[in-house]
Amino acid sequence: MNRKRLMKFLLILLAALLFSAPLGVVAESTTLTFGFNRRGWIVRTQDAFLPNQTITHLGLSNPQTMVFGPDDLLYIADTGNQRIVAYNIHTGEIDRIVTYDGFRSPRGVFVTQDNILYVADAIAEAVFVFGADDKPIQTFRQPRGMAVTDTRFAPHRIVVDQLGSMFIVGEGVFDGIIQLSAEGEFLGFFASNQTTRTFVQMIQDTIFSEAQMERLAPRLPHTFSNIAIDGRGVVYTAAMGSPAQLQGEAIKRHDMAGRNTIDNFIPVSDVADITVDRYGNIFAASVSGWIWVFTNDGTLIFYFGVPGFTAHEDIAGWFRSLASIAVSSEGHIWALDGQSAFLQSYTPTEYTRAIFSALDLFNAGMYMESAIVWESVLRHNQMSRLAHNGMGRALLYQHDFAGAMRSFYLAGNRDYYSAAFWEVRNIWLLNNLAIILIGVAALLVITSLIKRIDRKRVIASHIENTRRGIMEHRYAKPIMFAFTVARHPLDSYYYMKLGQKGTLGGAVFHFFLFFIAYMVYITSRGFIMQYTDIVDMDFVVIVGGFFGLFAMFIVSNYLVTSIKDGEGGIKDIFKLISYGLFPLTITLFGVTLLTHIITQNEVFLVNFALLAGGIWAGAVLWLGFQETHNYSFRATLSSLIITVLFMLIILVVLFNLTVLFDGIVSFIESISSEVYINVTGFN
Amino acid sequence: MTARKTARKSMRDRVNTMGDGMHALFLLLPYGILFSMFIAVPILIAFGLSFTYFDMIQAPTFAGLANYISLLTQDTIFFQHVLPNTLRFAIIVGPGGYIIAFFMAWVLAQIQPAPRTVFALCLYMPSLAPGVFVSVVWTTVFSGNQAGLVNAFLLSNNLIDQPIQFLQTPYYFLNIMIIVSLWSAMGVGFLAMLAGILNIDEQLYEAAYIDGIRNRFQEIIYITIPSVKPQMLFGAVMAIVGAFNAGGVGVALSGANPTPQYSGQLITNHIDDFGFIRYEMGYAAAISVMLLGMVWVFSKITYKFFGERD
């Protein structure tokens with residue numbers, strides 16, 4: 001690694017640091033916003049939403065959930081006061097209050113487009129329905145069909161689709177979402193969560209007897225924490241539990257059969273409430289006070305909140321216990337704190353509006369327009385993975401494949417990059433196919449012509465002589481010997497042992513050639529297979545590890561074999577390994593080149609090539625060890641195993657030595673400082 | 001009388017002047033007729049058809065290089081699925097099946113004749129009736145419901161929650177095809193190699209032991225492989241050709257052509273798809289010629305590896 005390169009890396013690193021620092025952070029925001037960068041790391045980004053109003057005067061008591069009705073009226077289930085509060089966000093006043101004798105603990109609330117109000121009450125074990133004039137219309141109690149399943153009907157949250165079907169989250173129901181028809185008939189359980197087994201549970205399953213298993217706590221699936229429905233009647237559910245239980249499925253979007261249609265990993269585990277805005281973006285409120293925003297297919301756009309370490313009740317945007325979230329028609333977020341019973345509103349920034357409008361345009365099929373908007377998002381935040389992805393997809397659908405490739409590269413999206421690259425490569429092939437075919441045909445014709453003319457092998461023998469001349473050259477010969485080693489390992493190693501072929505110089509050459517091949521492979525693969533950027537690599541570890549392990553292997557193998565009657569010395573072992581690695585050297589060079597022209601369709605070629613090269617080099621090395629040390633199969637195996645064990649021991653000893661050395665240094669340091677203080681009297 | 005004699009003589013002379021070449025030709029005639037009728041002519045017809053548009057109802061119309069051009073430029077399924085699948089399948093099943101076949105042949109050669117015959121028959125069986133075997137045996141093993149053997153095993157050990165649709169999931173399908181094909185890889189090549197290994201003179205081994213080889217591995221390297229080289233070449237060519245011409249496996253397993261999302265689509269399936277489902281015979285013929293070229297190239301490589309050089 002030369003100095004200039006290193007400087008370049010440092011500069012790139014510095015630039016990355018500078019750009020990842022938020023450029024347009026407005027001082028007034030008390031929340032921090034985070035998103036993913038191209039490497040999938042969480043980085044701070046522009047403020048997405050700014051805290052606006054904090055409303056504490058509504059007299060709420062332990063409110064559980066809230067939902068927007070038509071005309072931007074916010075219906076809050078004021079559970080503690082056994083009432084429903086309709087709050088007008090425009091006037092800032094309570095529009096009306098719905099009370100009813102039957103309310104015991106109204107926890108879930110939902111308002112349809114026709115202003116029909118549904119209230120789920122878990123203690124009253126009923127769903128109350130009120131007309132537009134707040135007059136009770138109907139009360140649904142435990143449906144008959146559900147009694148069979150032996151579950152208490154304790155509605156906790158509720159949504160209603162356009163047909164009047166009710167989707168109810170029941171307390172203590174593990175079977176799924178209770179689905180009732182508009183008439184209150186039990187239609188079945190809509191979706192259910194899966195139990196997942198932890199590693200401990202797997203071991204328990206294998207070794208525990210039935211009696212022991214019965215004594216364990218029953219394994220129940222995690223229950224749903226909340227439910228939402230979008231304008232098209234698609235149902236979304238949220239669940240709470242440990243990350244291991246949820247397995248990235250804390251938020252689900254359900255199809256008609258109740259299956260989850262979100263493939264993306266949802267990195268939250270304490271979602272109290274979800275809501276979907278009119279664009280289809282999913283907003284999730286986590287109990288810990290963070291608000292998460294996802295696209296409709298579950299890709300995280302950003303999340304924001306007040307970090308725990310600065311948490312203080314005076315800060316707008318801080319929650320004691322975030323209970324519910326709703327989004328107004330203008331796209332403002334309203335969040336509800338359950339314990340402190342206040343409302344907090346947020347207004348979207350320009351940046352957020354641009355993202356939402358680009359997503360919306362893209363989903364509507366207006367790719368060109370969405371590309372323009374993504375451009376403006378990128379002006380706000382160049383590092384946005386979402387924006388680069390959106391840009392790339394917009395370009396891909398517009399058949400600007402080269403541009404799409406660039407965007408997907410910046411987004412770190414290998415799947416789509418590969419798809420775009422496939423198109424680019426295909427176009428190149430089509431344009432040049434004729435030339436390639438003609439070239440190949442011409443080459444074949446010319447070679448066969450030359451062969452025909454060259455009956456007396458004048459040219460052929462000349463070429464052969466030149467080739468031989470090069471091969472037999474004083475410096476080239478020991479280098480070219482590697483080809484023979486790769487093809488005839490047994491004979492080659494025999495001659496090498498006799499000292500007739502293969503020199504130390506050649507071995508050194510091949511050792512460094514392998515090192516170069518290894519470094520090239522590590523650093524310069526095509527983007528599709530280069531999983532770590534050069535900037536992120538620790539070259540001290542890579543280079544040091546390479547030489548360290550190599551040297552350690554040779555030394556330990558020498559030590560082991562010298563007491564096990566091996567015939568090879570250190571020089572022999574070095575020569576045998578350096579020459580034996582040659583097939584792998586060639587494979588690494590070839591594979592690195594190959595990764596620049598393949599797409600993910602052809603990744604298997606690289607894997608096969610690596611496997612083949614590895615097996616080849618392995619076989620050559622094995623035969624080399626056998627021949628050099630004059631070992632049988634079994635002796636080779638045992639000597640290699642002991643060598644590896646020996647290397648492990650060396651590593652452990654080295655590790656201990658460094659720890660000890662550190663101890664000694666600090667000991668001496670403290671003694672000398674003690675002496676210094678005692679002698680000089682200074683502290 | 002004399003005139004007739006002269007005539008006969010002159011005729012004999014004429015025949016004689018035709019020379020030995022003509023004799024040879026006459027002697028070759030039965031073979032020549034059969035070969036051209038059943039092999040050379042069909043290949044030539046296929047080659048000719050690949051330059052036409054032919055739907056099996058109307059007479060073929062000449063289309064020039066159109067089929068080849070669209071194969072190389074427009075058939076994205078061919079380049080995105082068929083070609084990578086075929087290469088991947090052939091690279092694993094060809095050499096893999098070949099190595100398994102050689103190893104099994106060598107193992108069988110070490111045991112007594114009576115059990116050897118039984119085992120050889122058992123091993124050879126799958127390649128005799130692949131279609132039937134595959135659909136009966138392997139669809140039972142990989143069936144997508146909980147009665148499928150693999151699913152039942154995984155379910156009973158609580159490794160999965162619900163049965164996996166092995167034969168309809170692209171992620172698994174090609175791998176299952178490869179497993180099944182490896183299982184039935186012990187074909188003619190295997191028999192030839194078994195016969196070859198059995199034919200090696202025992203004295204060679206004894207002589208080699210006197211000369212200082214020490215173990216079975218060296219025995220294989222120095223005696224067995226050089227002795228059965230011709231049979232190994234035959235086996236290798238058969239393995240390569242077989243791997244490229246395989247295709248029935250995928251259709252038999254999934255029960256459909258095209259295979260699920262083209263995940264197991266090999267060149268032969270692609271030919272079937274165009275030839276016998278879409279009735280685009282000209283295009284199918286063009287793909288066949290392409291396949292022929294590929295097999296030829298790979299056989300050449302095989303000859304380079306296994307052919308007699310010294």
Side-chain angles (χ1 to χ4, degrees), chain A residues 192-198 201-206 213 219 221 247 259 418-419 422-423 425-434 436-437 440 444 487-491 494 598-609 611-612 615 619 622-623 626-627 630-637, chain B residues 65 68-96 99 154-162 170-171 174-175 178 212-222 225-226 261-263 265 290 293 297 300 304-305 309-310:
Chain A
S192 58
N193 286 320
Q194 303 272 329
T195 47
T196 45
R197 294 191 311 161
T198 60
Q201 287 174 335
M202 267 186 223
I203 292 173
Q204 286 173 345
D205 281 356
T206 352
M213 291 296 286
R219 285 174 205 158
Q247 296 198 314
R259 282 178 298 235
S418 166
W422 194 91
E423 300 286 351
R425 195 185 61 179
N426 197 35
I427 291 168
W428 184 87
L429 273 179
L430 294 190
N431 290 337
N432 297 287
L433 191 68
I436 295 169
L437 286 183
V440 169
L444 286 178
R487 275 183 300 173
H488 307 288
L490 281 174
D491 296 349
Y494 179 70
I598 58 160
T599 64
Q600 284 185 340
N601 266 336
E602 297 105 26
V603 165
F604 72 94
L605 281 178
V606 169
N607 294 337
F608 283 145
L611 188 70
I615 289 177
W622 181 274
L623 295 173
Q626 277 196 331
E627 196 62 49
N630 199 12
Y631 274 170
S632 66
F633 181 89
R634 191 177 287 177
T636 315
L637 188 67
Chain B
L65 284 171
Y68 289 96
I69 291 170
S70 55
L71 175 65
L72 290 177
T73 58
Q74 281 157 24
D75 198 343
T76 45
I77 287 171
F78 183 74
F79 276 103
Q80 262 181 343
H81 301 284
V82 177
L83 202 58
N85 283 350
T86 311
L87 278 180
R88 188 172 176 173
F89 183 86
I91 287 176
I92 300 181
V93 173
I99 290 167
L154 293 175
L155 281 170
S156 67
N157 286 293
N158 281 324
L159 292 169
I160 50 173
D161 298 325
Q162 49 193 358
Y171 180 74
L174 189 65
N175 296 328
I178 288 170
I213 69 166
R214 289 188 299 265
N215 52 35
R216 280 290 168 85
F217 179 71
Q218 289 180 334
E219 207 177 78
I220 294 180
I221 295 285
Y222 289 116
I225 289 180
Q261 293 173 42
Y262 294 104
S263 56
Q265 201 78 347
M290 195 88 168
V297 169
K300 275 275 174 199
K304 269 250 159 25
F305 267 111
R309 257 171 303 182
D310 340 281

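Per chain, numbering begins at 1; letters A, B, ... match sequence-line order. Worth knowing before you read on, the calculation uses all heavy atoms, side chains too, and leaves out hydrogens, waters and symmetry mates.
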So for I427(A), is it side chain, backbone, both, or neither that comes closer than 4.5 Å to the heavy atoms of chain B?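 The answer is neither part of I427(A).
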Below 4.5 Å from any heavy atom of chain B, which atoms of L623(A) appear? Answer side chain, backbone, both or neither.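 Contact with chain B involves the side chain of L623(A) alone.
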What are the two closest heavy atoms between L72(B) and L437(A), and how far apart are they?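 Distance-wise, the nearest heavy atoms are CD1-CD1, 4.2 Å.
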Hey, what do you get for [atom1] ([X]) to [atom2] ([Y]), rounding to the nearest 0.5 Å?
| X | Y | atom1 | atom2 | value |
| --- | --- | --- | --- | --- |
| Q626(A) | F217(B) | CD | CZ | 7.0 Å |
| I91(B) | L611(A) | CD1 | CG | 11.0 Å |
| Y222(B) | L490(A) | OH | CG | 4.0 Å |

For L87(B), is it the side chain, the backbone, both, or neither that has a heavy atom closer than 4.5 Å to a heavy atom of chain A?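 Looking at L87(B), backbone and side chain both touch chain A.
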Which residues pass the salt bridge (Lys or Arg N to Asp or Glu O under 4.0 Å) test with E219(B), not counting sequence neighbours?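 Counting only residues at least two positions away or on another chain, E219(B) forms a salt bridge (Lys or Arg N to Asp or Glu O under 4.0 Å) with R216(B).
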Could I get the full list of side-chain contact (heavy atoms from CB on, under 4.5 Å) partners for P84(B), not counting sequence neighbours?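 P84(B) satisfies side-chain contact (heavy atoms from CB on, under 4.5 Å) with N601(A), F604(A) once adjacent residues are dropped.
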